[in-house]
2 protein chains.
Amino acid sequence: MVAKESKQRGRPRSFDRDTALEKAIRSFWEHGYESTSISDLTREMGISAPSLYAAFGDKRALFEEAVTVYGRLYGGFITRALAEEPTGRRGVERALREAAAEYTVPDRPRGCMVISAALNTAPASAEVAASLRQKRQQNVREIERAVRADIAAGDLPPGTDARALAEYVSAILAGMSQSARDGTDRHTLEAVADLAMNAWPRTEQPAPDTP
Amino acid sequence: MVAKESKQRGRPRSFDRDTALEKAIRSFWEHGYESTSISDLTREMGISAPSLYAAFGDKRALFEEAVTVYGRLYGGFITRALAEEPTGRRGVERALREAAAEYTVPDRPRGCMVISAALNTAPASAEVAASLRQKRQQNVREIERAVRADIAAGDLPPGTDARALAEYVSAILAGMSQSARDGTDRHTLEAVADLAMNAWPRTEQPAPDTP
DNA sequence: GTTTTTGTGTAGCGAGCGATACAGAAAGTT
DNA sequence: AACTTTCTGTATCGCTCGCTACACAAAAAC
């Protein structure tokens, strides 16, 4: 995919595809799918419409690619936190904490692109909305898996409702994204994340090893 | 405003203004401001474009009126809960619980119109987005006031960060709205609301009256 | 140098957008 | 009845949308 087999034959592309895609990501992230017009994109990407269509297909395909690359570059922190931390609690705690930072990086669109890029669901872009919803639900299932692992490990009470706890975490994440879009600063969002973790169920006995 | 001074002179309106406005509310609530076109509105409201413009001004004015009436008919439960319950905790608890119900009423757009109706902020409708953001921030300040009241009453530890706690509640509300839009059912949302309340800070001593 | 291939720029397609001009219809006023 | 006022339906307006036809430019292949 990346390695070019041999020299291209025709006239070479006069712009850097990755740079242009990055600009497209920023545009979609900032304004959402519908509200980002082709002329917005060509202006931001610094290319003409025919070049855009030649390089990326159509608006829909460009958006799909933007979401994919966004996930790799900016949206992976939740998955990473859950995978790298020893317990679900630590993973979620880190994910929430990192969200506070990620959602408020200066000179970058605030909040989560997947959460906010297609909330206005016009019939014409219903497929886009459905695709993003699926991604969010996939994320919830990922969190739920981490919760179940904690229950199995005895780090959470056996009666814990894993589905609800996962939905709760997903909701607070969406809420923080929303809050960030409205201008809430990083410090306040971190305080929100701390508070949210107080809701994490406590085990009856702290540890059964100290007699 | 409501009482008609005397008999109207010209040809009477052939549709009920309130019913038409209700239809407009549903449309904006479901699809958002930008994604609801004038032709969508005229179809749903059962009137022609000139009638719409004569009765409501332009699209922007119709939306403003829709948001106002939405707040009176559907969005007032938070203010009501905070005002009627004896403590902030009880008020927020009730608001969260009612949100779970309000956001998932069958045959009604899911989630909160103010939160979701203008998240896609195209430059053309930046004013609309700003207006809605202001309403949300006003809501946060309302919650913050209730929290401060609890602190003063000794129902919350003196060191409680009122601003952060208010932002947390606002975030979980926004998250639940998002979650509801994605299809999460009322039962699960209620479980989320219960979980969220576990984050509410506890006072050191339950009550200083029992010796 | 000629041919082939591919990208670029101009210019414009049909469709839908928000909004309105205009003529006619339906009520009260006289 | 005639007149005035207001609302309604048709038929658009100018504009922007996503998208593309077409001629020209710039590279490799021969």
Side-chain angles (χ1 to χ4, degrees), chain A residues 4-21 23-24 27-28 31-66 117-118 120-129, chain B residues 4-21 23-24 27-28 31-66 117-118 120-129:
Chain A
K4 33 193 72 164
E5 304 286 337
S6 70
K7 277 290 184 186
Q8 285 280 68
R9 276 249 283 172
R11 172 176 176 174
R13 189 176 282 128
S14 68
F15 61 93
D16 183 71
R17 195 178 184 282
D18 292 343
T19 304
L21 179 56
K23 294 288 187 184
S27 295
F28 283 130
H31 303 292
Y33 175 71
E34 286 181 59
S35 301
T36 304
S37 70
I38 294 292
S39 76
D40 290 338
L41 289 166
T42 55
R43 185 176 4 88
E44 291 297 321
M45 299 164 83
I47 63 178
S48 62
S51 297
L52 187 155
Y53 280 86
F56 299 101
D58 59 2
K59 185 185 179 184
R60 176 73 193 282
L62 172 57
F63 181 70
E64 298 283 358
E65 193 170 343
N120 279 352
T121 59
S125 52
E127 291 178 23
V128 173
Chain B
K4 32 193 74 164
E5 304 287 337
S6 70
K7 275 292 183 184
Q8 285 279 69
R9 275 250 282 174
R11 172 176 176 173
R13 191 177 281 127
S14 69
F15 60 94
D16 183 71
R17 195 178 184 281
D18 292 343
T19 304
L21 180 55
K23 295 288 186 184
S27 296
F28 282 130
H31 303 293
Y33 175 71
E34 287 181 57
S35 302
T36 304
S37 70
I38 295 291
S39 77
D40 289 338
L41 290 167
T42 55
R43 185 176 5 89
E44 291 297 320
M45 299 165 83
I47 63 178
S48 62
S51 297
L52 187 156
Y53 281 86
F56 299 101
D58 60 1
K59 186 185 177 183
R60 175 74 192 281
L62 172 58
F63 181 70
E64 298 283 357
E65 193 170 345
N120 279 350
T121 60
S125 51
E127 291 178 23
V128 173

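Naming: A, B, ... by sequence-line order, numbering from 1 per chain.
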**Message:** At a heavy-atom distance below 4.0 Å, what parts of residues 46-58 of chain A sit against DNA chain D?
**Reply:**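 When residues 46-58 of chain A is checked for heavy atoms under 4.0 Å from DNA chain D, the hits, listed by number, are A:A49, A:P50, A:Y53, A:D58.
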**Prompt:** Do you know which two heavy atoms are closest between A:A66 and A:F28, and how far apart they sit?
**Reply:**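 That closest heavy-atom pairing would be CB-CD1, 4.0 Å.
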Could you state the [atom1]-[atom2] distance from [X] to [N], rounded to the nearest angstrom?
| X | N | atom1 | atom2 | value |
| --- | --- | --- | --- | --- |
| B:E34 | C:dC17 | CD | P | 13 Å |
| B:R43 | C:dG16 | CZ | P | 12 Å |
| B:L41 | C:dA19 | CG | P | 10 Å |
| B:D40 | C:dG18 | CG | C1' | 12 Å |
| A:K59 | D:dG18 | NZ | P | 4 Å |

**Prompt:** Who are the salt bridge (Lys or Arg N to Asp or Glu O under 4.0 Å) partners of A:E65, not counting sequence neighbours?
**Reply:**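 Expected list: A:R17.
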**Item:** Under the salt bridge (Lys or Arg N to Asp or Glu O under 4.0 Å) test, residues paired with B:R13 that sit two or more places apart
**Value:**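 B:R13 satisfies salt bridge (Lys or Arg N to Asp or Glu O under 4.0 Å) with no other residue.
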**Prompt:** Can you name the side chain to side chain contact (heavy atoms under 4.5 Å, CB included) partners of A:S51, sequence neighbours left out?
**Reply:**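 With neighbours one apart ignored, the set is A:F15, A:I47, A:S48.
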**Request:** Between A:S39 and B:F15, name the one whose nearest nucleotide on DNA chain D is closer to the 5' end.
**Result:**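 Closer to the 5' end of DNA chain D: B:F15.
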**Message:** Applying salt bridge (charged side-chain N to carboxylate O under 4.0 Å, His left out) as the test, list every pair that has at least one member in residues 45-58 of chain B; sequence neighbours left out.
**Reply:**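 For residues 45-58 of chain B: none.
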**Message:** So, using side-chain hydrogen bond (donor to acceptor under 3.5 Å, both in side chains) as the criterion, who are the partners of A:S14 when residues are at least two apart?
**Reply:**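 For A:S14 there are no side-chain hydrogen bond (donor to acceptor under 3.5 Å, both in side chains) partners, ignoring immediate neighbours.
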**Request:** Could you check whether A:T42 gets within reach of a base, just the sugar-phosphate, or nothing at all, counting any heavy atom under 4.0 Å?
**Result:**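 Nothing, no heavy atom under 4.0 Å.
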**Prompt:** Should B:S37 be listed as having a side-chain N or O under 4.0 Å from OP1 or OP2 of C:dC17?
**Reply:**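 For C:dC17, OP1 or OP2 has a side-chain N or O of B:S37 closer than 4.0 Å.
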